[in-house]
Amino acid sequence: MNKIELIYENLYHMYGPQGWWPIISNENDRLTCMYHPNNFDIPKKTSQLYEICIGAILTQNTAWRNVVKALINLHQIQALNPIKMQTIDNDTLKQAIRPAGYFNQKAKKIKQFNDFYLQLDHQVPSREQLLCVWGIGPETADSILLYAYKQLSFVVDTYTRRIFLNLGLIQADMTYDEIKHKFEKNLKADIKIYQEYHALIVHHAKLYYQKKDQYALDPIFRNSCFSLKESI
DNA sequence: AACCAGGACGTGA
DNA sequence: TCACGTCATGGT
């Protein structure tokens with residue numbers, strides 16, 4: 001087993017399945033965003049697929065709890081629907097997504113993505129197509145591909161950089177695509193592993209990679225700092 | 001009360 | 001290419 005796989009096994013053993021991407025659901029007469037660690041048949045409906053896409057845009061550089069507020073607002077006005085989204089005016093959209101921050105930019109991004117989405121007509125988009133949409137960068141594109149369309153595309157975020165730089169498995173000057181390729185090269189071609197790995201990275205980073213002085217406390221780092229780094 | 005969140009874009013060098 | 005400023009609300 002290579003180191004990338006080994007770390008995945010460690011994380012999975014520590015935290016268990018994460019059940020990304022969280023989906024809006026009715027929990028005892030109250031709207032919330034739910035993870036689904038025991039159900040890999042999501043998105044089940046195209047409405048959920050669409051919701052994941054919008055959530056991926058809203059969560060750009062934003063805490064997920066604030067995205068949930070925005071998603072629920074959108075749900076309340078029936079706007080989590082590409083046809084309705086097309087007709088909704090910008091001010092209403094901005095007001096709904098306000099809690100997620102950057103509402104001027106994100107409203108534009110959502111509108112642009114919505115045009116693209118309708119034009120797709122239920123086909124699976126390519127990564128190149130997604131990257132052509134204004135407001136969709138590499139991470140958002142990969143999140144949409146992996147979690148909405150279940151395509152084998154590894155997601156790299158700032159947490160991934162922090163953790164694996166600290167573990168000595170990547171270099172600071174590596175590009176997004178280089179890091180992405182390193183993970184894809186070392187992992188089994190398995191959607192579940194790709195989905196869980198990124199989610200586990202985010203969860204782990206929230207515990208040990210918020211501040212620099214925490215990095216050394218990472219149990220994976222503590223266990224491996226004498227073995228992993230030396231054998232690169 | 002600064003600081004940062006599951007980034008992306010525009011600009012100037 | 002690339003480093004840097006900008007976008008904005010809500011937690012600690």
Side-chain angles (χ1 to χ4, degrees), chain A residues 8 11 15 17-24 32-37 42-43 51-74 90-114 116 125 127-149 153-166 171-180 183 194-215:
Chain A
Y8 173 74
L11 290 171
Y15 307 122
Q18 301 299 296
W20 278 32
W21 190 280
I23 289 291
I24 288 182
T32 51
C33 245
M34 299 281 290
Y35 295 81
H36 45 89
I42 286 186
E51 179 190 318
I52 293 172
C53 295
I54 301 302
I57 293 170
L58 288 174
T59 199
Q60 290 172 1
N61 200 38
T62 301
W64 180 252
R65 57 176 175 274
N66 294 330
V67 177
V68 172
K69 301 175 193 224
L71 283 174
I72 288 175
N73 286 343
L74 289 173
N90 283 319
D91 287 335
T92 309
L93 178 56
K94 286 179 185 177
Q95 187 185 15
I97 67 173
R98 183 176 213 105
Y102 308 109
F103 55 86
N104 287 307
Q105 289 193 349
K106 283 177 179 174
K108 181 179 172 186
K109 292 178 181 182
I110 288 172
K111 283 288 193 179
Q112 297 270 322
F113 172 79
N114 197 59
F116 169 75
R127 188 168 194 264
E128 292 68 32
Q129 282 179 305
L130 283 166
L131 290 175
C132 286
V133 179
W134 188 88
I136 298 190
E139 188 189 336
T140 308
D142 290 330
S143 289
I144 288 173
L145 287 170
L146 180 60
Y147 293 104
Y149 289 97
S153 196
F154 199 85
V155 179
V156 178
D157 68 336
T158 54
Y159 287 149
T160 311
R161 285 182 177 279
R162 274 184 218 171
I163 293 176
F164 289 86
L165 190 57
N166 189 46
Q171 287 72 50
D173 60 358
M174 284 174 78
T175 66
Y176 183 99
D177 288 337
E178 286 170 345
I179 298 171
K180 173 186 173 66
F183 278 86
Y194 277 42
Q195 290 188 339
E196 290 295 340
Y197 206 162
H198 174 62
L200 286 163
I201 284 170
V202 172
H203 182 73
H204 184 65
K206 281 175 175 170
L207 297 179
Y208 298 105
Y209 288 85
Q210 306 265 20
K211 301 173 186 171
K212 274 212 167 188
D213 57 4
Q214 296 180 292
Y215 293 10

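By convention in this document, chain letters (A, B, ...) are assigned in the order of the sequence lines, proteins followed by strands, and residues within each chain are numbered from 1. Side-chain atoms are counted along with the backbone in the values below, which use heavy atoms only and exclude waters and symmetry mates.
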I need the single residue from A:Y8, A:Y176, A:F164 that forms a ring pair (Phe, Tyr, Trp, His ring centres under 6.0 Å) with A:F183. Which is it?
A:F164

Which whole number of Å gives the distance between the P atom of C:dT6 and that of B:dC3?
16 Å

Walk along DNA chain C from 5' to 3' and tell me the first and last nucleotide with an atom closer than 4.0 Å to a non-hydrogen atom of chain A.
C:dC7 to C:dG11

For A:R161, report the nucleic acid contact type (base, sugar-phosphate, nothing); a contact means any heavy atom under 4.0 Å.
nothing

Side-chain (A:E178) to main-chain (A:Q171) donor-acceptor, under 3.5 angstrom:
no

Exercise: identify the closest heavy-atom pair between A:Q214 and A:Y208
CB-O, 3.1 Å

Across the strands shown, which category fits A:Y159 at heavy-atom distances under 4.0 angstrom: base, sugar-phosphate, nothing?
sugar-phosphate

Would you check if A:W21 and A:Q195 make a side-chain contact, meaning some heavy-atom pair closer than 4.5 Å?
no

Identify whether any heavy atom of A:I136 sits under 4.0 Å from a base atom; if not, whether one sits that close to sugar-phosphate; answer base, sugar-phosphate or nothing.
sugar-phosphate

Of the listed nucleotides (B:dG7, B:dG6, B:dA5), which one gets closest to any side-chain atom of A:T59?
B:dG6

Remember a base hit wins even if backbone is also touched, and classify A:S143 as base, sugar-phosphate or nothing at under 4.0 Å, heavy atoms.
nothing

Which of residues 60-71 of chain A have a heavy atom under 4.0 Å from DNA chain B?
A:Q60, A:N61, A:T62, A:A63, A:W64

Measure across A:A107 and A:L93 and return the closest heavy-atom pair with its distance rounded to 0.1 Å.
O-CD2, 3.6 Å

Just by modelled atom types, is the A:I24 backbone N or O under 3.5 Å from a matching donor or acceptor in the A:E51 side chain?
yes

Within the 4.0 Å heavy-atom criterion, would you say A:E139 contacts the bases, only the backbone, or no part of the nucleic acid?
sugar-phosphate

Using a cut-off of 4.0 Å on non-hydrogen atoms, how would the nucleic acid contact of A:W20 be classed: base, sugar-phosphate, or nothing?
base

What contact category does A:Y197 fall into here, base, sugar-phosphate, or nothing, at under 4.0 angstrom with non-hydrogen atoms?
nothing

For A:A199 against A:Q18, the heavy-atom pair lying closest together
CB-CB, 3.6 Å

Contact class for A:G101 (heavy atom, under 4.0 Å): base, sugar-phosphate, or nothing?
base

Hey, does the side chain of A:R161 reach the backbone of A:V156 with a donor-acceptor pair shorter than 3.5 angstrom?
no

Sub-4.5 Å side-chain heavy-atom contact between A:W20 and A:H198
yes

Indicate syn or anti for B:dG12, taking the glycosidic torsion and treating anything within 90° of 0 as syn.
anti

In dot-bracket, 5' to 3', how would DNA chain C read with Watson-Crick or G-U wobble pairs under 3.5 Å, [ ] for crossing ones and | for pairs to another strand?
|||||||.||.|

Please assess A:Y149 against A:L130 for the test side chain to side chain contact (heavy atoms under 4.5 Å, CB included), listing each intermediate value before the final yes or no.
CA-CA 12 Å; A:Y149 289 97; A:L130 283 166; 5.9 Å; no

Could you check how far OH of A:Y176 sits from C1' of B:dG7, rounded to whole Å?
10 Å

Restricting to non-hydrogen atoms, name the atom on A:I57 and the atom on A:K106 that form the minimum distance, rounded to 0.1 Å.
O-CE, 3.8 Å

Testing the basics here: between A:K180 and A:S153, what is the closest heavy-atom pair and its distance to 0.1 Å?
NZ-OG, 2.6 Å

